[in-house]
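Note that these values count all heavy atoms, side chains included, but never hydrogens, waters or copies made by symmetry.
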Amino acid sequence: MDRFIETLQRPDFIENLIIHIEYTVLATLIGLLVAIPVAVLVNRSDAASTFAINVGNIGRAVPSLAVLVLMFPVFGLGFDSVLFALTLLAIPPILINAVVGLRQVSAQILDSAKGMGLSGRQVLTGIQIPIAAPIIFAGIRTSAVQVVASATLATFIGGGALGDYIVEGFQRNDTAISLAGAFSVAVLAVITELGFAALERTFTPKGLRIAQKRGRATK
């Protein structure tokens with residue numbers, strides 16, 4: 001226990017914790033900025049939507065460590081390689097959920113909105129995205145938690161972060177050091193999960209939340 005606490009109190013621990021958070025925030029944010037516009041663009045085409053979902057599924061099938069290692073010859077060791085690789089890992093869950101969420105909105109609702117004189121942009125921002133918000137946020141949440149977990153592999157290409165302590169513990173045969181790193185990553189993942197769940201509740205329209213509760217209650 002003493003070695004566990006000692007590791008958490010090391011001067012470099014906060015530095016690596018901040019690097020881990022930076023990877024998570026930046027990769028998720030960039031992934032969001034890439035995936036949402038693509039989902040909106042393919043929204044009106046069945047073929048384009050299917051293609052985007054298939055590409056996303058292929059992206060999700062690639063192992064995290066493989067993506068990180070593939071970035072090494074391009075960007076070299078360090079922060080840039082890790083950030084680019086984590087961004088590639090962050091995009092698929094957001095893209096898939098955004099496409100599915102936008103496409104699930106009833107055609108009758110869309111037709112009614114257009115019949116009321118709303119423009120395509122107004123239908124998208126005022127109806128489609130709010131209705132799809134819970135599914136989109138679920139994708140963002142999945143993406144962020146996956147990035148938190150995958151960032152531990154950054155240590156293999158000199159990217160630092162909390163994975164350093166997991167590897168160091170194995171190298172020194174010191175379980176306490178490895179547990180300090182693993183425990184910190186687990187706590188960070190839980191905080192990320194709870195944080196995005198709170199954001200999801202905040203941004204989901206009240207009427208939709210009530211309808212979801214009624215739907216769960218009748219099951």
Let me check something: do [X] and [Y] share a hydrophobic cluster, defined by ILVMFWY side-chain heavy atoms less than 4.5 Å apart, either directly or through other members?
X: F84; Y: V55; value: no
X: V99; Y: F51; value: no
X: I157; Y: L153; value: yes
X: I5; Y: Y165; value: yes
X: V185; Y: V187; value: yes

If you round to the nearest 0.5 Å, how far is [atom2] of [Y] from [atom1] of [X]?
X: L86; Y: I91; atom1: CG; atom2: CD1; value: 11.5 Å
X: L33; Y: L29; atom1: CG; atom2: CG; value: 4.5 Å
X: I177; Y: D164; atom1: CD1; atom2: CG; value: 11.5 Å
X: T202; Y: F137; atom1: OG1; atom2: CZ; value: 8.0 Å
X: L83; Y: E22; atom1: CG; atom2: CD; value: 9.5 Å
X: I19; Y: D12; atom1: CD1; atom2: CG; value: 9.5 Å

Which atoms form the tightest heavy-atom contact between [X] and [Y], and what is the distance?
X: S143; Y: A90; answer: OG-O, 2.8 Å
X: A39; Y: L95; answer: N-CD1, 4.0 Å
X: F13; Y: S184; answer: CZ-OG, 3.1 Å
X: Q128; Y: L110; answer: CG-CD2, 3.5 Å
X: S178; Y: I166; answer: OG-O, 3.0 Å
X: Q146; Y: P93; answer: OE1-CG, 4.1 Å

When you measure from the side chain of [X] to the backbone of [Y], do you find a donor-acceptor pair of N or O atoms at a distance under 3.5 Å?
X: S49; Y: V42; value: yes
X: Q9; Y: E6; value: no
X: H20; Y: L162; value: yes
X: T192; Y: L188; value: yes
X: Y23; Y: G159; value: yes
X: T152; Y: A149; value: yes
X: T28; Y: T24; value: yes
X: N54; Y: T50; value: yes
X: N97; Y: I135; value: yes

Task: Residues in side chain to side chain donor-acceptor pair (under 3.5 Å) contact with Q104, at least two apart in sequence or another chain - done: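 Checked Q104 against side chain to side chain donor-acceptor pair (under 3.5 Å); zero matches.
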Open item on the list: Taking the side chain as everything from C-beta on, heavy atoms only, tell me whether L102 gets closer than 4.5 Å to L124.
Closed with: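 When only atoms from C-beta onward are counted, L124 and L102 do touch, with a gap below 4.5 Å.
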- [ ] Evaluate the side-chain proximity of I36 to I136: yes if any heavy-atom separation is below 4.5 Å, no if none is.
- [x]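 Yes, side chains in contact.
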Open item on the list: Would you call the rings of F183 and F4 parallel, tilted or perpendicular, taking 30° and 60° as the class edges?
Closed with: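 Taking F4 first and then F183, their aromatic rings stand perpendicular (interplane angle over 60°).
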Open item on the list: Would L199 and F196 count as a side chain to side chain contact (heavy atoms under 4.5 Å, CB included) here? Give the steps.
Closed with: CA-CA 5 Å; L199 284 175; F196 276 104; 4.0 Å; yes
Task: Residues R60, T142; criterion side chain to side chain contact (heavy atoms under 4.5 Å, CB included); working and verdict - done: CA-CA 11 Å; R60 294 188 70 171; T142 300; 4.0 Å; yes
Task: CZ/R44: more than 12 non-hydrogen atoms of other groups inside 6.0 Å - done: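 Not more than 12 within 6.0 Å, no.
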Open item on the list: Using the rule given for side chain to side chain contact (heavy atoms under 4.5 Å, CB included), can you reason through I127 versus L118, listing the C-alpha separation, both sets of side-chain angles and the distance that settles it, and then say yes or no?
Closed with: CA-CA 10 Å; I127 296 177; L118 297 182; 3.9 Å; yes
- [ ] For side chain to side chain contact (heavy atoms under 4.5 Å, CB included), just list the numbers for V100 and I53, CA-CA rounded to whole Å, side-chain angles, deciding distance to a tenth of an Å, and then say yes or no.
- [x] CA-CA 8 Å; V100 171; I53 291 173; 4.0 Å; yes
TODO: Identify whether the distance between the nearest side-chain nitrogen and carboxylate oxygen of E168 and R172 falls below 4.0 Å.
DONE: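 Answer for the salt bridge query: yes.
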